[in-house]
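FYI, side chains are in, hydrogens and waters are out, and symmetry mates aren't considered; it's all heavy atoms of this structure.
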Amino acid sequence: MTSVRGRGFSRLAGTLLIPGLLAAGVLAGAGTAAADDLGSPHGGADATLNGLKNFDQAAVRKDGEDVRIGAGLFEMSVEDGGTLQSYSVDVHNPAQERDLYQEVPWSASSLHDNPDAGKIRWILRHSYPQVNDLAKLSELSGAGQLSRNTAAAGTQVAIWRFSDGAKVKAADRAAEKLADYLQRAAEGQAEPKGSLTLSPPAVSGKAGDRLGPVTVRTSAPSVIVAPSPDALSMGVKVVGADGKPVTSAKDGTKLYFDVPAGIDPGSASLTAQTATTVPVGRAFTGTGEHANSQTQILAGSSQSTISTRAGVNWADGGAIPAVTAEKNCRAGGVDVTTTNKGDDAFDFTLAGEQYEIAPGETRTMTVPVREGQSYRIKVSGSDGFEETFSGVLDCETASEVRQDEGLTPQTGTGTVSDGGADVTATTGGSPPGLAETGGGSNTPLIVGIAAGLVVVGGAAMLFVRKRRPAAAPDAPDATDASDATDASDAPDAPEADR
């Protein structure tokens with residue numbers, strides 16, 4: 001999901017050396033890069049689908065007929081460097097080469113209510129490409145002789161049987177035997193950790209305090225942490241719970257923005273970045289122009305550069321909001337969470353409705369969005385505050401999207417709800433009103449590898465809050481892998497079916 005702030009901003013990038021310079025917290029250089037978003041609340045890898053790498057044919061039963069399709073292993077390129085391998089979890093939805101994808105938890109994909117999601121992960125860890133010994137895999141499955149193509153096809157067919165409940169068979173005899181074996185042997189396994197997430201991705205509070213925490217969640221052993229250079233120029237630091245500056249973190253580390261007293265109201269950010277393999281079994285959903293892209297699930301990863309950001313908003317008084325948004329597949333919409341750390345109420349408009357968040361209060365509103373459709377959700381608040389969140393709701397397989405439920409994507413651009421709501425999507429019609437619940441709450445680059453040091457880019461974005469005269473505020477606008485395997489996640493050898 002993309003978050004765009006309606007404020008002035010700039011994005012700056014630097015480089016950090018690890019492991020030697022990381023311990024010393026040395027900023028090696030700085031440059032500038034254009035950007036217009038804060039990135040996904042889920043963090044993780046962004047990738048582009050390159051197409052099928054190893055595949056064979058399969059036949060899927062649809063409308064009483066067997067339809068021949070390609071079945072196999074896809075390759076994806078990570079935005080900041082690296083290669084991923086993946087399988088599809090949406091047999092009836094065609095894949096589009098060069099589509100953009102984003103790493104998400106199962107709860108934000110078509111696996112969110114699938115009781116067999118854990119069995120799919122077992123298959124991924126006990127078949128090709130995680131198991132590269134095709135002779136052993138052939139013997140265990142009784143498949144005879146598997147090639148890379150037929151091993152990939154058999155694995156994909158077994159996954160589709162669990163992800164879509166599809167009636168599908170591999171065209172090749174050996175591939176079909178592998179699929180049958182994997183289907184029989186599969187056992188439930190837990191969802192893997194995300195590669196890198198900052199939670200929450202936005203915080204707020206009064207200048208003079210340590211604002212946060214922002215918790216690091218990662219499958220990597222360590223993460224580089226850096227504030228934006230502009231934040232440093234204002235004296236804003238990223239510190240730990242003990243108040244000491246932080247330049248590296250690990251899973252569970254709590255980060256805070258140390259904002260000096262007396263500085264002007266404003267916003268800033270920090271960047272967390274790591275070079276790691278993405279865990280096998282992570283879901284990837286589409287973020288590009290093709291709504292309802294074919295969801296992918298990770299089968300293998302090279303060393304990849306993963307980065308994400310978290311923002312902070314501060315003032316010396318009044319309303320001091322932080323707003324985040326993420327897809328809620330179970331509810332069929334997008335959860336918009338607003339926290340007010342100020343001493344005045346925060347008044348804002350969301351989807352044509354007016355809300356007021358009291359000082360110290362956190363509230364979550366769910367904006368309904370039709371399945372398979374892109375959306376833009378704007379939050380317009382007092383004192384010129386504005387946030388816009390965009391993305392695609394991709395929570396079901398194509399076989400689950402029924403015409404009589406009104407979930408089939410439509411063409412044309414219109415509003416999701418009427419009454420001048422600041423929510424747009426590629427659909428017509430008006431969904432029900434917001435559901436409301438209480439709750440609590442760019443581009444870094446690999447620049448080289450030398451002498452055993454990995455050099456990675458640190459990037460951050462500074463957001464300057466627009467403050468307008470209270471007597472005459474402006475009205476808010478109406479808005480429109482290669483064969484590398486996951487070594488850290490290597491499976492035990494699969495047991496023969498008994």
Side-chain angles (χ1 to χ4, degrees), residues 1-9 36-43 108 197-206 211-215 257 265-270 308-315 318-328 331 333-369 375-391 416 421-424 434-441 461-468 473 476-479:
M1 181 182 303
T2 300
S3 167
V4 181
R5 298 196 178 205
R7 308 168 185 177
F9 59 83
D36 62 358
D37 64 78
L38 260 179
S40 165
H42 302 300
T197 299
L198 296 176
S199 180
V203 295
S204 63
K206 291 186 177 182
L211 308 182
V214 174
T215 303
F257 292 91
S267 301
S269 66
L270 66 84
T308 190
R309 294 178 294 281
V312 62
N313 184 31
W314 70 83
I320 313 177
V323 182
T324 62
E326 61 181 321
K327 290 184 284 186
N328 184 337
V334 177
D335 283 347
V336 178
T337 299
T338 303
T339 299
N340 181 11
K341 292 293 187 178
D343 46 28
D344 285 344
F346 174 56
D347 298 313
F348 67 97
T349 301
L350 171 64
E353 299 289 336
Q354 295 290 326
Y355 294 90
E356 180 179 283
I357 305 296
E361 182 184 3
T362 294
R363 197 184 308 171
T364 298
M365 284 72 71
T366 302
V367 180
V369 178
Y375 58 83
R376 286 176 58 85
I377 299 172
K378 188 169 79 171
V379 179
S380 300
S382 54
D383 202 18
F385 181 92
E386 185 176 297
E387 292 271 15
T388 301
F389 302 95
S390 62
V416 168
D422 292 324
V423 183
T424 62
L434 300 183
E436 183 175 337
T437 60
S441 174
M461 184 182 295
L462 176 71
F463 301 95
V464 181
R465 186 180 184 188
K466 294 182 180 177
R467 300 183 65 87
R468 298 184 173 92
D477 295 334
T479 172

Minimum-distance pair of heavy atoms, taken over all atoms of [X] and [Y]:
X      : Y      : answer
Leu211 : Lys206 : CD2-O, 3.7 Å
Thr339 : Lys341 : CG2-CE, 3.8 Å
Ala322 : Val203 : CB-C, 3.7 Å
Ala202 : Thr324 : CB-CG2, 3.7 Å
Lys327 : Ala108 : NZ-O, 3.9 Å
Pro200 : Ala310 : O-CB, 4.3 Å

If you round to the nearest 0.5 Å, how far is [atom2] of [Y] from [atom1] of [X]?
X      : Y      : atom1 : atom2 : value
Ser204 : Trp314 : OG    : CH2   : 12.0 Å
Leu350 : Thr338 : CG    : OG1   : 7.0 Å
Thr337 : Arg363 : OG1   : CZ    : 11.5 Å
Glu387 : Asn313 : CD    : CG    : 8.5 Å
Leu198 : Thr308 : CG    : OG1   : 5.0 Å

Treating Asn340 as the side-chain partner and Ile320 as the backbone partner, does any N or O pair qualify as donor plus acceptor under 3.5 Å?
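Such a contact is found between Asn340 side chain and Ile320 backbone.
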Within a strict 4.5 Å, meaning less than it, do heavy atoms of the Val323 and Phe385 side chains meet?
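They are in contact (side-chain heavy atoms under 4.5 Å apart), so the answer is yes.
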With heavy-atom distances below 4.5 Å as the criterion, would you say the side chains of Asp347 and Glu356 are in contact?
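Yes; the side chains approach each other to less than 4.5 Å.
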With sequence neighbours excluded, residues passing ring-ring contact (aromatic ring centres under 6.0 Å, His included) with Phe348:
Phe346, Tyr355
Looking at residues at least two apart in the chain, or sitting in another chain, which of them share a side-chain hydrogen bond (donor to acceptor under 3.5 Å, both in side chains) with Asp344?
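With sequence neighbours excluded, Asp344 shows a side-chain hydrogen bond (donor to acceptor under 3.5 Å, both in side chains) to no residue whatsoever.
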